Amino acid sequence: MDSEKLTDKILEIVPEAQQEENKQFLTFLIPPDKLKTLTTHLKEEKELDFDYLFCLTGVDWGTELGVVYHLTSTSLNHSVELKVKTDNRETPEFDTVTDLWMTADFFEREVWDLFGIRFTGHPDLRRILLEEDWVGYPMRKDYTDEVNIVEL
Amino acid sequence: MKEIINLPVQSIEEEEYHINMGPQHPSTHGVLRLVVTLQGEIVKKLQPHCGYIHRGIEKMCEKDTYQQIIHLTDRMDYLSAHINNHAVCLLVEGALEVEVPERVKYIRTILDELNRIASHQLWWSSFGMDLGGLTCFFYGLRDREHILDIFEESFGSRLLHSYYTPGGLMRDVHPNFQKRVKDFLKYNRKKIKDYDRILSGNVIFLERSKGVGVLSKELAINYGVTGPSGRGSGWACDIRKKHPYAMYDKVEFREVLRHEGDTYSRYMVRIDEMRESMNIIEQLIDNIPEGDFSAKMKPIIRLPEGEYYQCVESARGELGIYCISDGNKNPVRMKFRTPSFVNLGVLDKISREMKIADLVAIGASLDLVIPDIDR
Amino acid sequence: MAFNIYDFTSFTQSIDQALYEWLPPFWALLVEMTIIGLVFLLFYAIVGLFLVYAERKVCAFMQNRVGPNRVGPYGVFQTIADFIKLLMKELVYIKNSDKLLFNIAPFIVIIASFMAIAAIPFAKGLHAIDFDIGIMYVIAVTSLGVIGVLLAGWSSNNKYSLIGAMRSGAQIISYELSVGLSLLTIIVLAGTMQFSQVVEMQSTGWFIFKGHIPAFIAFVIFLIASTAETNRGPFDLAEAESELTAGFHTEYSGIKFAFFFLAEYMNMFIVASIAATVFLGGWMPFHIYGWEGFNHVMDFIPPLVWYFGKTAFVIWLMMWFKWTFPRLRIDQLLTLEWKYLLPINLVNILIMAFIVLMGWHF
């Protein structure tokens with residue numbers, strides 16, 4: 001499916017989606033509450049068939065926390081990038097996509113571990129890279145650790 | 001006060017017990033800990049615990065310049081260091097829209113493939129060792145040594161090269177390079193037959209690997225299992241074909257695919273990939289054009305504001321780098337989508353209801369490199 | 001016959017008589033036993049150390065390596081140095097282990113292999129004790145070792161050890177059958193279980209040739225089964241270091257580990273010498289019927305050379321297996337025994353009995 005059709009299709013599913021400028025991928029900023037609807041449609045609909053989540057990234061933009069999903073379809077060869085953002089730095093929370101793409105399991109655990117973003121519905125949300133008793137979320141921009149991080 | 005996140009209470013059926021495979025265990029090849037729930041010898045459940053050598057490479061990247069980041073990527077998948085470096089270089093070159101000289105593309109492709117062969121040879125060695133065939137280990141390492149010698153001659157390092165820089169190479173290759181690579185190819189063609197003789201055709205090996213740890217194509221896609229492990233399930237996921245970079249669109253090579261999805265097919269994909277890699281090198285080695293070994297680059301690289309994604313085919317699968325830049329000399333966010341991290345996720349799924357010995361074979365066939373998981 | 005020049009009977013008997021003349025019978029017996037015990041202890045140590053060295057050299061040869069080459073000429077003293085190191089190492093006490101069983105286990109393993117040597121004839125008249133049920137005795141005694149292995153695994157308070165021990169138990173009990181039945185095939189042919197007579201009967205031809213195809217099949221099965229019984233690769237599931245770290249002896253250190261290590265090599269020596277004795281004519285020289293000159297030359301090679309040569313050949317075969325094959329899985333191991341070796345063995349015995357009945361053997 002070419003990008004224009006794909007844009008129309010996504011805007012049809014989620015009219016609130018904002019398209020962002022990006023040279024590589026078709027990028028949309030999605031309201032967090034619509035994430036579940038959109039991803040389910042992207043995965044399940046035969047003409048979209050986004051069956052491969054090849055990257056899931058947690059990002060701290062300074063004021064906002066968010067997650068970037070890179071999706072592609074192995075059969076139809078089209079890709080899309082989805083972003084969700086939230087201002088809530090205390091208890092950021094998004095819906096999980098583990099039920100659609102199992103590969104999100106480890107990715108989401110990593111994002112929880114390093115950014116402290118919760119994923120509702122994740123079957124086993126624990127820290128994955130850091131110790132269980134680690135305090136704080138090191139990949140956040142406002143994370144400080146006088147002992148382990150040497151500022152130059 | 002420390003915030004303690006409790007482990008979920010693991011339900012244990014009667015007659016089940018846990019063993020901890022790792023962090024120090026001969027078959028995890030590093031510090032990976034697998035908490036295996038067993039019933040007798042049968043694996044009922046498996047929980048990977050990683051992070052024992054988490055160095056926070058992604059966090060360090062946020063403070064580093066792009067040239068420095070290259071040195072960090074070596075330390076992720078140390079067995080395919082060139083390919084990791086290549087990914088960063090391609091990302092920077094793509095963002096700056098720099099055209100690298102032809103010579104660089106040729107040399108990078110050859111080195112990538114040599115690195116892939118070396119990585120697969122080490123994998124083959126340890127795979128044989130995990131199955132109890134200790135002789136394989138010495139055969140594989142003996143042949144890998146030749147590649148490392150070639151590397152050493154050209155840029156002085158054997159494992160962590162950091163040879164690629166944005167825009168080109170650190171310096172030109174050694175004048176002997178072409179001859180030595182050709183000698184190696186001739187040598188290795190003979191030795192790969194040895195691999196088949198000692199392991200691939202062995203009855204015990206076939207019994208141990210066929211039908212063990214079957215991963216269907218749908219599952220492989222859903223779990224994102226890329227690289228030889230994914231291609232062993234019949235999923236054409238080779239980045240070199242899908243999104244060609246360097247010289248891969250100019251050379252002819254076959255994307256090795258097998259459809260059984262078991263340990264044996266993952267094994268055979270890697271063995272055949274070594275042959276394909278040698279084919280690629282053979283097509284390029286005689287035609288390396290003369291020219292500069294690097295494009296003109298500014299000493300301080302600032303990527304234009306925006307976000308970039310670059311993927312390459314490392315020896316273990318798709319290595320993706322997602323980078324957000326705000327126009328400064330260091331990135332806002334650098335995410336490495338490392339293949340081993342993703343491939344580890346499927347281990348629990350395909351090793352259930354198998355024996356401990358099978359778990360070792362499956363783990364070895366996924367070719368996990370622990371620093372690549374932990375970053 | 002010519003090989004009588006190497007008869008040790010008069011030598012051993014003269015010692016025996018002299019002792020009984022000098023001392024009362026009880027003390028004579030005691031002194032005799034002590035001498036034999038000391039001789040075997042020394043022999044045991046030398047063979048064990050030599051086998052460890054040989055294994056390392058053979059394995060190095062198979063793997064394009066040099067092997068030990070630093071301590072002494074060609075590294076011959078390497079194993080002795082290693083042994084001294086093991087002697088001096090700390091014995092680690094394992095928390096919550098069953099201390100008594102944990103300490104007994106290595107001795108059981110080593111005593112079992114020690115007992116088996118007693119019945120093996122090294123040359124004519126050179127054996128500690130010549131049972132009339134020698135083969136049965138050896139089968140019985142070698143299988144005692146598994147008790148030690150099971151105890152070691154059980155008492156170590158380590159799950160890897162336990163799994164290794166359970167595997168080993170299942171494995172040895174299964175393969176015992178094949179070892180016994182393949183030896184039984186030869187007993188049918190020989191009509192005796194006495195080792196000296198079994199060897200004596202092979203003066204006209206080794207049993208592996210005498211017994212036609214069934215004897216050869218029995219030999220192959222014995223090789224496979226005895227490799228499995230000694231817990232060696234490709235059947236080293238009990239130790240399987242890539243799966244179970246070191247299996248049943250994971251928690252052992254120092255001299256206790258050395259006992260397990262030595263016992264493994266001694267067991268290998270014992271099964272190899274049984275194979276040599278029962279199938280390859282023991283200390284009997286190689287004869288070809290009708291070639292008188294050749295046979296005489298062969299007779300002048302001392303029986304000890306024949307005996308150790310044959311044993312070394314079988315040991316070398318077992319090392320070859322170990323360093324070329326990957327390891328089996330536990331269910332495949334049991335399948336091999338119960339579905340293949342055992343039925344083949346049973347049929348083999350019938351064929352052998354039929355051949356003996358019809359008098360078709362040489």
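It should be emphasised that the depicted structure is a prediction, and the values quoted were computed from it without experimental measurement. In what follows, chains are A, B, ... by sequence order, proteins preceding strands, each numbered from 1.
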Picking from [options], which has the most non-hydrogen pairs under 4.5 angstrom with chain B?
{"options": "A:Glu110, A:Lys141, A:Lys43, A:Glu20", "result": "A:Glu110"}
{"options": "A:Phe106, A:Phe25, A:Trp101, A:Trp61", "result": "A:Phe106"}
{"options": "A:Ala104, A:Gly58, A:Gly62", "result": "A:Gly58"}
{"options": "A:Val68, A:Leu130, A:Leu53, A:Asp60", "result": "A:Val68"}

Please identify, among [options], the residue contributing the most non-hydrogen atom pairs under 4.5 Å to chain A.
{"options": "B:Leu219, B:Ile324, B:Val225", "result": "B:Ile324"}
{"options": "B:Glu218, B:Lys59, B:Glu58, B:Arg375", "result": "B:Lys59"}
{"options": "B:Gly56, B:Gly224, B:Gly94", "result": "B:Gly224"}
{"options": "B:Trp235, B:Tyr52, B:Tyr308", "result": "B:Trp235"}
{"options": "B:Ile53, B:Asn343, B:Ile373, B:Val332", "result": "B:Val332"}

Please look at [X] and chain A and tell me whether the side chain, the backbone, both or neither of the residue comes under 4.5 angstrom of a heavy atom of that chain.
{"X": "B:Tyr223", "answer": "both"}
{"X": "B:Glu318", "answer": "side chain"}
{"X": "B:Lys63", "answer": "side chain"}

Walk me through it: do A:Glu81 and A:Asn22 pass the test side-chain hydrogen bond (donor to acceptor under 3.5 Å, both in side chains)?
CA-CA 9 Å; A:Glu81 184 183 318; A:Asn22 188 334; 3.2 Å; yes
With side chains defined as the heavy atoms from C-beta onward, is the minimum distance between [X] and [Y] less than 4.5 Å?
{"X": "B:Thr226", "Y": "A:Tyr52", "answer": "yes"}
{"X": "B:Asn84", "Y": "B:Phe336", "answer": "no"}
{"X": "B:Leu359", "Y": "B:Met21", "answer": "yes"}

What distance separates [X] [atom1] from [Y] [atom2], expressed to the nearest 0.5 Å?
{"X": "A:Thr74", "Y": "B:Lys242", "atom1": "OG1", "atom2": "NZ", "result": "7.5 Å"}
{"X": "B:Ser340", "Y": "B:Asp367", "atom1": "OG", "atom2": "CG", "result": "7.0 Å"}
{"X": "B:Leu46", "Y": "B:Met354", "atom1": "CG", "atom2": "CE", "result": "13.0 Å"}
{"X": "B:Lys335", "Y": "A:Met139", "atom1": "NZ", "atom2": "CE", "result": "9.0 Å"}

Tell me, side chain or backbone of [X] under 4.5 Å from chain B's heavy atoms, or both, or neither?
{"X": "A:Asp105", "value": "neither"}
{"X": "A:Leu114", "value": "side chain"}
{"X": "A:Phe107", "value": "both"}

Open item on the list: Can you see whether A:Asp95 engages A:Thr120 through a side-chain donor-acceptor pair at a distance of less than 3.5 angstrom?
Closed with: yes
Self-check item: Test item: side-chain donor near acceptor, A:Thr98 and A:Glu108, under 3.5 Å
Solution: yes
